[in-house]
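Here is the structure we will look at.
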Amino acid sequence: MPTRILVEFKRRGLMSEIYDVQEVELRWQKIWEESGLYQVDLDDPRPKSYVLCMYPYPSGAAHQGHIKNYTFGDLNVRYRTMKGEAVLSPFGFDSFGLPAENAAIKTKVHPREFTEARIAELKASVKRLGSVYDWRRETKSHDPDNIKWAQFLFIKLFESGLAYKAEAPVNWCPGCQTVLANEQVHSDGTCDRSGDIVERRNLSQWFFKITQYVEELLRDIDELDWPERVKIMQRNWIGKSIGAKMTLAVQGAPELGIEVFTTRPDTVFGMTYAVIAPEHPLVAILTSDEIRRQKFIDANAIEPSRFVVLEERANEVRAFVDSVKNLTDIDRVSTSEGRDKRGVFSGVNVINPFTGDPVPLYIADYVLMSYGTGAIMAVPGEDQRDYDFAKIFGLPIVRTVATPDGFDGEAYSGAGEKINSGFLNGLSIEEAKLAAIDWLAQNDLGQSSIQYRLRDWLVSRQRYWGCPIPMIYCDKCGTVPAKLEELPILAPDDVEFLPTGESPLARHYSFRFAKCPKCGANAIRETDTMDTFVDSSWYFMRFCDPFNDKVPFSLEALDQWMPVDQYIGGIEHAILHLLYARFFTKALADLGLAPKDLREPFSRLFTQGMIRMDGSKMSKSKGNLISPEKYFDSVGADALRLFHLFVGPPADDFDWTSQADELIEGMAKFLSRVYRLATQESEKPTLVNEKESATLSLATHKAIEKATIDYDRWSYNTVVSTIMTLTNQIYKSKSANASDESVQSAIDAVILLLAPMTPHIAAEMWSLRHDGEIVHVQPWPEPDRTLLALAKETLILQVGGKFKDKLIVDPDIEEQEALRLALAHPKIAASLLNGAPSRVVYKLPKLINLIP
RNA sequence: GCCCGGGUGGUGGAAUGGUAGACACGGAGGACUCAAAAUCCUUUGCUCGUGAGGGCGUGCGGGUUCGAAUCCCGCUCCGGGUACCA
């Protein structure tokens, strides 16, 4: 019942003692906005910094996750401003996307109307939180101005070859009725948005050539001040594998040789079979009657007995390939149910290049066409997948690495000496890899090779509510970009929203039929729109120069503000958004649209913890939201902000339980306690207790020192407790007759330290105490180093490493003196039975340890 | 399976080699009050003891160290990421 305090105060007429939360908060929000305090421009003389929270999808009023995010963001903006920096703090909305269009299909409300209503709600709650932004710079993905620059960038990427169209097997979500990027498909084969099982379809689609930057994207991760686990996730996603490619000749038809990729070229002597993916082009050749009859019969390379069944085999192969085709990815790839590996003998053998021996070629769906060459050499001795398959199909298993004594596993992938491997015997694995690659190269059978898991970024979406891809297909001129002066290409409003597999734009003929920008002939406009991750890949640069109407952003503005000094958001964007934004930054820098030396968009990243409830993430879709509104209306934004800061380390997840309300009420009580201190008349004690004054001054400076260190290391929960401790000390010192000067400066310190966290009440208190001054333009408090250096220290007395007692000593105490004090201590004497320590460990002035 | 995190009072957490449990929430007791609320004060890891005081204690088992919640090795449980990537 967080409203209790206020209601009670109001009822009792005690409002003179406590402040009117609503009135104070709204009044200060207005002052901040109208004063332009947090607006910054290019000519600002202060050192620049750029603090940014991730571009939000406007789903309506803010939820607790947003509140936490924007509290961290706002705190950073205000703290850096007090430290004297010119802080760029913009806000905008990632306003394209499926929910608006799905709503349109259901309710017939136009997505723009739907989206703008949600934007207004989110904006209102962000303002109510007291978060400050340079609202002049606000951008929305669906603004025509923004669409124009997105299309401009697309055309630039197209002209430089970084955007291209290709037919590809793509992920098709039947629920969303669109294709998805690999990144938007979960490992269980379901859609990131709708949770439907994703299907495979062959479609002609636009791609961005992110793989052109794969090495740079991988290498530059090292320099980023990002959470280690995000960096690891990105490295894993890029998935660099170093190995070798080599060609396996098909027995009897060497010109059909199949190329395989392996990271273990040292194990070729253990290859007892080979596998190609069901989609591998060789499958069609092997199952073609012509090839079977002529090629293999004439070549007479396969023993007759095997040949007799070849017709049958071709049928078997066809049946297998068909059965795989009809499986969804989830069934095909799933290993969770311990499903056995499937496959079929192809009817032909391939030659082991190292031994010259023929081994059977299988077709199996555990080999993926989309990775490497879609074909592998199988080494069951050292690869568990191959081992499992070999067991099922009764294939031989040869070990090429000596296993350790007592090894009872199946495939062995550890270190050891090479065995059964001809000229590689006796070498280590690493030596053997190099020797095997050398041998392959010398014999012209292969070479070293690097493969990546990362594929090009599929950006076409068959949807209406996205940025139209500005391309035109002309019979004569081919694929032509729209003229720059004709941008933006805007989607028409008069479309029908139906859940078909096509964008509503494709059925809008006046949009679809266009003139070729080159020759003027009748042509067809591209009706797909861009993935919304495109919008979030450059918005942070537009924020630097939002009014520019010549280019999306000037080099000068990017030079000034980029990169983002502090980026704040959820861990869920560890791969998708952050990888795409890094790619865009590099590509635009290389195209001359951004400064050449701008290689990374976000120098520092902070990923906040999730708010969970009943074990799952608090979210609209789970229906377990606790609205911030009721706290705004009762205890106020400051108390809610303070709760999010105090409840634990910012990076940790938080379980929202019934305790949360009590904690939030506790924060409101604490703020009232500070307010009471700050607004009481100064009382000058008749008899000043000098010792207590000194204690309070020292506590004040210690608190400033500790809070500042903790602000800088994002340990906000301990900042809050430091401020609470100082507040408690002020109450205590006051009643012990500390001087009014020491009390008042301690109160001022509390207010300054609180200012970034609870801006409204801090502003109100400072203004009341200092004649209308603005707390947020005050310089950040500096601790008095001289005072701190002179402060007494606590010397811990230990015997044998066990704590016995503590003494207050001078900070420059010497060993001799410390030992004298220790030995004179009755507890030490009692513990040291024979009186003389055999050894003494000094860590002065903190500790002395006497070892008996 | 692999890769990351993490396990500390009734609860959230603090302490990054040196007083374990800061700061809060909750509980208990008290002051003020006709009464309550609010506020303030005391107390609150477990345990033995009337007491002074003692013993135990950071998931479990070892180790390093004068000294370990903290570092190392092995295990266990929980959470997250990823998954036939050759």
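Keep in mind that the numbers below use all heavy atoms, side chains included, and drop hydrogens, waters and symmetry copies. A, B, ... follow the sequence lines: proteins, then strands. Residue 1 opens every chain.
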Tell me: [atom1] of [X] to [atom2] of [N], nearest whole Å?
X      : N     : atom1 : atom2 : answer
A:L671 : B:A24 : CG    : P     : 13 Å
A:F389 : B:A86 : CZ    : P     : 18 Å
A:Y675 : B:U39 : OH    : P     : 16 Å
A:Q234 : B:C4  : CD    : P     : 17 Å
A:Y366 : B:G1  : OH    : C1'   : 16 Å
A:R676 : B:A38 : CZ    : P     : 12 Å
A:D386 : B:C84 : CG    : C1'   : 10 Å
A:L578 : B:G81 : CG    : C1'   : 15 Å

Going by an N to O cut-off under 4.0 Å, is there a salt bridge joining [X] and [Y]?
X      : Y      : result
A:K240 : A:E215 : yes
A:D266 : A:K433 : no
A:D222 : A:R235 : yes

Using the test side chain to side chain contact (heavy atoms under 4.5 Å, CB included), find all partners of A:T794 that sit at least two apart in sequence or belong to another chain.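 For A:T794, the residues satisfying side chain to side chain contact (heavy atoms under 4.5 Å, CB included) (neighbours in sequence not counted) are A:K806, A:I808.
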By side chain to side chain contact (heavy atoms under 4.5 Å, CB included) - contacts of A:N728 (at least two apart):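 Residues passing side chain to side chain contact (heavy atoms under 4.5 Å, CB included) with A:N728: A:R673.
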Any donor and acceptor pair, going by atom type alone, linking the side chain of A:R455 with main-chain N or O of A:R453 inside 3.5 Å?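 Yes, the answer is positive, given that a donor and an acceptor are paired below the 3.5 Å cut-off.
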Could you tell me the separation between the [atom1] atom of [X] and the [atom2] atom of [Y], rounded to the nearest 0.5 Å?
X      : Y      : atom1 : atom2 : value
A:T758 : A:Y675 : OG1   : OH    : 13.0 Å
A:M757 : A:L645 : CE    : CG    : 5.0 Å
A:F389 : A:R342 : CZ    : CZ    : 11.0 Å
A:H825 : A:L797 : NE2   : CG    : 5.5 Å

Within the 3.5 Å criterion, strictly below it, is a donor on A:Q451 or A:S241 matched to an acceptor on the partner's side chain?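 No donor-acceptor contact under 3.5 Å links the two side chains.
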Under 3.5 Å side-chain donor-acceptor pair for A:Q729 and A:K702: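 The answer is no; no qualifying pair exists.
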Among [options], find the nucleotide with the atom closest to the side chain of [X].
X      : options             : answer
A:E662 : B:C3, B:G26, B:G81  : B:G26
A:W237 : B:C66, B:A24, B:A83 : B:A83
A:R229 : B:C66, B:U82, B:C4  : B:C4
A:R839 : B:A86, B:U82, B:C66 : B:C66
A:I575 : B:A86, B:U82, B:U39 : B:U82

When the [atom1] atoms of [N] and [M] are considered, how many whole Å apart are they?
N     : M     : atom1 : value
B:C56 : B:A69 : C1'   : 16 Å
B:G26 : B:U76 : P     : 40 Å
B:A22 : B:U44 : P     : 10 Å
B:U8  : B:C60 : P     : 10 Å
B:U43 : B:G62 : C1'   : 40 Å
B:G9  : B:G21 : C1'   : 7 Å
B:G13 : B:C25 : C1'   : 11 Å
B:U70 : B:U58 : C1'   : 10 Å

Check the phosphate of B:A86 against A:S241, side-chain N and O only, distance under 4.0 Å to OP1 or OP2. Yes or no?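 For B:A86, OP1/OP2 do have a side-chain N/O of A:S241 under 4.0 Å.
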Would you indicate, yes or no, if B:A86 has its OP1 or OP2 atom less than 4.0 angstrom from a side-chain nitrogen or oxygen of A:R453?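 So the side-chain polar atoms of A:R453 never come under 4.0 Å of the phosphate oxygens OP1 or OP2 of B:A86.
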Quick check, are the ring centers of A:F643 and A:F654 under 6.0 angstrom apart?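 For A:F643 and A:F654, the ring centres are under 6.0 Å apart.
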Centroid separation A:F393 to A:Y273 less than 6.0 Å: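 Aromatic pair excluded; centres sit 6.0 Å or further apart.
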Any strand is fair game: report the nucleotide pairing with [N] by Watson-Crick or G-U wobble, both distances under 3.5 Å, or none.
N     : value
B:U82 : B:G1
B:C75 : B:G59
B:A15 : none
B:G21 : none
B:G29 : B:C41

Want to settle it: does A:G800 or A:T722 sit nearer the 5' end of RNA chain B, counting the closest nucleotide to each?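 Closer to the 5' end of RNA chain B: A:T722.
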Taking for each residue the nucleotide of RNA chain B bearing the nearest heavy atom, is the 5' side occupied by A:S370 or by A:E228?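 The residue mapped nearer the 5' terminus is A:E228.
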Please list, by residue number, the residues of residues 726-737 of chain A whose heavy atoms come closer than 4.0 Å to an atom of RNA chain B; answer none if no residue qualifies.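 Close to the strand are A:N728.
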Between protein and nucleic acid, restricted to nucleotides 29-32 of chain B and to nitrogen or oxygen atoms under 3.5 Å apart, what atom pairs and distances do you find?
none

Using distance only, find each side-chain donor-acceptor pair of residues 843-852 of chain A under 3.5 Å and give its atom names and separation, not counting sequence neighbours.
unit_1: A:K846; atom_1: NZ; unit_2: A:E793; atom_2: OE1; d: 3.1
unit_1: A:N849; atom_1: OD1; unit_2: A:G800; atom_2: N; d: 3.3
unit_1: A:N849; atom_1: OD1; unit_2: A:G801; atom_2: N; d: 2.9

With heavy atoms under 4.0 Å as the rule, sort A:G239 into base, sugar-phosphate or nothing.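 Nothing: the residue A:G239, judged by heavy atoms under 4.0 Å, touches no strand.
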Report, one pair per line, the protein and nucleotides 11-19 of chain B atoms (nitrogen or oxygen only) whose separation is under 3.5 Å.
unit_1: B:U11; atom_1: O2'; unit_2: A:Q659; atom_2: OE1; d: 3.0
unit_1: B:U11; atom_1: O2; unit_2: A:Q659; atom_2: NE2; d: 3.1
unit_1: B:G12; atom_1: O2'; unit_2: A:V647; atom_2: O; d: 2.6
unit_1: B:G13; atom_1: O3'; unit_2: A:N717; atom_2: ND2; d: 3.4
unit_1: B:A14; atom_1: OP1; unit_2: A:N717; atom_2: ND2; d: 2.9
unit_1: B:A15; atom_1: OP1; unit_2: A:R713; atom_2: NH2; d: 3.1
unit_1: B:G18; atom_1: N2; unit_2: A:Q798; atom_2: OE1; d: 2.7
unit_1: B:G18; atom_1: N2; unit_2: A:N849; atom_2: ND2; d: 3.2

For B:G9, is chi within 90° of 0 (syn) or not (anti)?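 Syn, which is what one calls it when the glycosidic angle falls within 90° of 0.
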